Amino acid sequence: NIMTNQKQFDVLAIHPTTGRETTFRSVSADSLFTNEHGETRYRYNHHYTDVETISVTEVPQTRRDAIAAYFKRYGTANE
């Protein structure tokens, strides 16, 4: 189940393969960490574990609830 009670964030970061600014939506809190310099970093996947972030914005609970209600009603594209 993708929907958890863990906080989620929209992360503006430098994409590890393209080098371009990219917004990653609804990133779980456990994919973010602070390095030894106090910078917030993004764990993109097991190949790219230390991605430069530009900004991190918490996803409001209202948006998370709306997404969950949509999927509950309509399912996903893979169903």
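Only a predicted model underlies this, so the values are computations on that prediction, with no experimental measurement involved.
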What's the spacing between [X] [atom1] and [Y] [atom2] if we round to 0.5 Å?
{"X": "D50", "Y": "F33", "atom1": "CG", "atom2": "CZ", "result": "4.0 Å"}
{"X": "S28", "Y": "Q8", "atom1": "OG", "atom2": "CD", "result": "7.0 Å"}
{"X": "R63", "Y": "S26", "atom1": "CZ", "atom2": "OG", "result": "5.0 Å"}
{"X": "R43", "Y": "T49", "atom1": "CZ", "atom2": "OG1", "result": "7.0 Å"}

Please list, one pair per line, the donor and acceptor atoms closer than 3.5 Å that link side chains of residues 51-60 to other protein atoms, with sequence neighbours excluded.
from, atom 1, to, atom 2, distance (Å)
T53, OG1, T40, O, 2.4

Test side chain to side chain donor-acceptor pair (under 3.5 Å) applied to D65 - qualifying residues, sequence neighbours left out: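 Scan of D65 (side chain to side chain donor-acceptor pair (under 3.5 Å), adjacent residues dropped) gives Q61.
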Pairs touching residues 19-33 that satisfy salt bridge (Lys or Arg N to Asp or Glu O under 4.0 Å), sequence neighbours left out: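 Applying salt bridge (Lys or Arg N to Asp or Glu O under 4.0 Å) to every pair that reaches into residues 19-33, excluding sequence neighbours, yields D10-R25.
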My understanding is that only residues two or more places apart in sequence, or in another chain, count here; which of them pass side chain to side chain contact (heavy atoms under 4.5 Å, CB included) with T22?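 Once residues adjacent in sequence are excluded, the partners of T22 under the side chain to side chain contact (heavy atoms under 4.5 Å, CB included) criterion are H15, F24.
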Might you point out which heavy atoms bring F9 and L32 nearest each other, and give the distance in Å? CD1-CD1, 3.7 Å
Y70 meets the ring pair (Phe, Tyr, Trp, His ring centres under 6.0 Å) criterion, sequence neighbours left out, with Y74
What ring pair (Phe, Tyr, Trp, His ring centres under 6.0 Å) pairs are there with at least one residue in residues 45-64, not counting sequence neighbours?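 Pairs touching residues 45-64 that pass the test: none.
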